[in-house]
Structures are given as structure tokens and as C-alpha cells.
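Read through the structure below, which is laid out as C-alpha cells, and then see the notes.
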Amino acid sequence: LEKPGTLQRRTHSLKPWMIFLITTAIVLALAIIVGLLVYFLEYEQTIHYYQASLQMPSIDYNPDFSVEHSKIKTDLKQKINNEIDKIFQRSSLHHHYIQSHVVNFRPNNHGLKANILLRFKFTSNNANTIKRQANEIVHNNLKSSESFLKIDTSLPYLTEVNGTQAEHVLNSCCGLGMEYPPMER
Amino acid sequence: VTHGQIASQAAWPWQASLQMDGTHFCGASLISATWLLTAAHCFDNQKNPKMWMASFGTTLRAPLVRRKVQSIIVHENYAPHKHEDDIAVVKLATPVLFSENVHRVCLPNATFEVLPKSKVFVTGWGALKASGPFPNTLRQVEVEVLSSDVCNRVYVYGGAVSSGMICAGFLAGERDACEGDSGGPLVIAQDQNIWYLIGIVSWGIGCGKENKPGLYTKVTHYRDWIKSKANI
């Protein structure tokens, strides 16, 4: 006679040291994921571009403003960039502001109009706050009668511009290549 | 380019390579998001735009950007095996997006004057010496503009240099453009380090040979032609 088979349990319980090891590994993995998320959200700053339109009622349009690299155009671009630099460098956003870049000039009913690109560096989760603050800073500073720049009331807000498109605009002027004469070492 | 050096990434962002079947044939210069300026003789053997491709970036293998060619316009008066009117414009099928490493060179006005002895640069992926190897990385060399009178001397080019050409290099030889640099840019820096395209690599005897400097199509001479074809 055959001895009837006895059913054996196919599973066996984990040893305590294994449970400890698995728990530690899971906790470690979670900690790394959370750490990376915090790092990228809090510390990984990326470049953001905003477009703005400014008025210069005291300056009349001159056809040379449309001539690439003309002295009058280069000088006015520099003057505007200096003014915007000054505004942001003494503001609460001075750590985030990088630079401004005049894209073009256009004539309009109130003198001259300039389209500018503002470049900032900040973490993406701050985007809305920084955009609002930047907008307030521009508005508050250009309201004063001291500045030759005035806000364009027809376009009251800063508009975010996609990075590739902004780079295209920033590099649309001609002839920017090697620094010449090269620096002697 | 003979006796030159490797160019750095954003030094000559307008330099393009015109290629057929992935092989570099000629240089070209980006003059707008959709137009290149090059030499007419680059198309002596193949004028079909579908066969051509333009690449940008300093290395031929692993380029930064590539574009198909939509159309090729060769100067009406150009004839193969002649050196006159060696100019063509190439329209890209899709515009390039400008970046720090890919953007256009300035075109001078027709009245723009370049004096003899001016320091200028020629760039390209052409041979490192006559019948020599071709580099994968863009090369540059500084040369001097020579007067047409000097270049037309009997022992130089004996009267072959016309008003539509610009002569650049050294009578002593060495620094020069070479085979494969054709169509590429000869540029000069003006105020504020702005580079203007003054010449297109066209022809010469040998490369870097004594009394045989490079000859370039004079861009100012063809300024109206460029405007009429590319509206730039």
C-alpha cells in the first residue's frame, strides 16, 4: 500500500533579517526618489524667456533703427539694456535676472516701440510667482517719469517665449562669430 | 585650408557644407534662415537640388543641423571651366533655427571697400594640402587681401584677375584655401567684431604655392544679383 501523500506548504515565511533588508532597500529607494524630486524642483534652475513691449515717447523713429549694426541702433539697444539691467539688479529678482535683449524697433503713434526679451534663471515651480513679480517690477519702475522707457499699455503683460524660439530670435542678428583679434594667452 | 588651424564651435556659425550622398563637396555661407551663398562651379556636375544636402556645425560627421536643398540658382553668365561670375544661391527646403552655433553672416553693401593688406579669414573642410587629406573638423586660416594689381602681375596670375574677384593670401604661399573649400566664406571683422562676407572661395593654382594666392568671388560686385535672387 502506498502511503497517502501529505500536502506540503510550498511557501515558507521570510526570515526576519530578509524582511529587514527588503524594508531598508525600499526605504532607501524612496528616499533617493524623493531627494531627486526635491533637488530638481527646488535647485535645478532652468532658463526662462519673457517677451515685453516698451514705448519710448521721447524718441522719434529713424530709418537707421532698421539698419543692422547701425551706430544709432546699437547705442539705443545698449541704453535700453542698461536701463532694464538697473531695474532688475536692484529688485528682489536680482538673483534670477540674467539679461535683457532688444529684438527690434518699430515706429508707432507714441514715438518708438521696442520689443525686448528678458532672460531669467529659476526653478520651474517658481514660474508663476517670478513672472508676476517681474511684471510688477517692470510696471512699477517704468511708471515713474524718470525713465525714458514706458510700458506699452496695449500689451500689459510679459509673455513667456519657448526657449528654442527665443534662441532663434537672440541669434537672428548677423555676423556674430569669433572674437577678433583673438586674445593672446 | 592649408597651414590653418581647427576652428572652435561657434567661431564661424554661418559656415555650411554642401554634400551629395553624405560626402562633402563644397562650402557655403548662411545669409538668411533659408538661403546659402556659394560658388557656381560647385554645381558643374550636378545641378539637381534633390541630390544635395546642407549641414551645419564644425564637424562633418555628427553635424549639428542638416537641411535638404530646395533650389539652386547659378549666375546666368557663369560657364563651367571659366572663373568669371562664380556665384550661386541655394535655397533650403526648410529654414534653420538660429542658435549660438548656427546663424547668418552679414552681407556688405555694394559700396563696402576692403583695402589691400586687410586681415581676413577663410574657412572650410577642404584639403590640408594639394592632393592631401580632407579633415572632419572645420579649419580656419588668416590671410591678407592683395591688390588686383599685385595678383595680375605676370608671375602671379598674369591678368586673369577681374573686377568681380578678390585676391587674398600671401605671395610667399603656405596659408591658403584648397580643394573642397570652394563656395566657402572669406570674411572680415568690422566694428564690434561683426563679420562680413566679402568673398566666396573660387579658384587658384595649387594650394599655398608661392606667387599663387587664392581668388575669391567679390561679394560686393554681386550684391545686386544676390538681392535680385534671394531678396537679401
Side-chain angles (χ1 to χ4, degrees), chain A residues 46-51 62-82 85 98-105 115-121 159-185, chain B residues 4-15 29-35 37 56 58 64-65 94-109 111-112 118-123 138-142 185-198 219 226 232:
Chain A
T46 50
I47 304 287
H48 296 255
Y49 297 92
Y50 294 108
Q51 194 177 34
N62 179 326
D64 280 352
F65 284 131
S66 302
V67 177
E68 217 165 8
H69 304 304
S70 66
K71 187 169 178 347
I72 191 170
K73 185 177 184 176
T74 310
D75 290 350
L76 185 56
K77 274 183 166 185
Q78 194 59 54
K79 195 177 169 190
I80 295 169
N81 289 336
N82 289 346
D85 282 355
I98 301 172
Q99 66 176 150
S100 78
H101 178 97
V102 177
V103 176
N104 58 24
F105 293 114
N115 280 322
I116 63 165
L117 267 182
L118 300 174
R119 197 174 184 193
F120 291 88
K121 194 174 185 181
T159 324
E160 182 144 22
V161 181
N162 152 302
T164 314
Q165 197 53 43
E167 283 296 313
H168 177 73
V169 171
L170 291 174
N171 289 291
S172 59
C173 50
C174 69
L176 295 175
M178 186 180 78
E179 284 279 314
Y180 186 72
M183 297 290 284
E184 294 287 340
R185 294 187 77 181
Chain B
Q5 55 198 135
I6 287 178
S8 57
Q9 187 65 263
W12 317 107
W14 42 84
Q15 174 85 51
S29 304
L30 190 67
I31 55 170
S32 79
T34 44
W35 288 96
L37 190 62
F56 301 87
T58 52
L64 288 178
V65 177
T94 46
V96 290
L97 269 176
F98 295 136
S99 65
E100 194 192 350
N101 298 321
V102 181
H103 56 254
R104 66 199 173 96
V105 65
C106 298
L107 283 179
N109 291 329
T111 53
F112 189 98
S118 297
K119 306 276 187 198
V120 291
F121 272 86
V122 59
T123 52
L138 184 68
R139 297 185 77 84
Q140 65 182 53
V141 72
E142 189 184 47
L186 179 75
V187 288
I188 189 166
Q190 290 291 287
D191 311 334
Q192 307 149 356
N193 268 311
I194 303 298
W195 293 89
Y196 287 83
L197 182 69
I198 57 161
V219 171
I226 298 166
I232 296 162

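Basis for what follows: all heavy atoms, side chains included, without hydrogens, waters or symmetry-related copies. In the text below, chain A, chain B and the rest are named by the order of the sequence lines, each starting its count at 1.
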With ring centroids as reference points, do A/His48 and A/Phe120 lie under 6.0 angstrom apart? no
For A/Gln165, is there any backbone N or O sitting under 3.5 Å from a side-chain donor or acceptor partner on A/Asn162? yes
Quick one: which of B/Ser8, B/Pro13, B/Ala33, B/Ser99 has the most heavy-atom pairs under 4.5 Å with chain A, could you say? B/Ser99
Side chain / backbone / both / neither for B/Gln190 at chain A, heavy atoms under 4.5 Å: neither
Polar contact flag, side-chain donor to acceptor under 3.5 angstrom, A/Thr159-A/Gln51: no
Which label fits A/Phe105 and A/Phe65: parallel for a plane angle under 30°, tilted from 30 to 60°, or perpendicular past 60°? tilted
Describe, in one word, how the ring planes of B/Trp195 and B/Trp14 are oriented to each other, choosing from parallel (under 30°), tilted (30 to 60°) and perpendicular (over 60°). tilted
Applying a strict 4.5 Å limit to non-hydrogen atoms, the region of B/Val102 in contact with chain A is neither
Which bit of B/Ala10 is near chain A, if near means a heavy-atom gap under 4.5 Å: side chain, backbone, both or neither? backbone
Residue from A/Leu170, A/Asn171, A/Val169, A/Leu176 scoring the most non-hydrogen pairs under 4.5 Å with chain B is A/Asn171
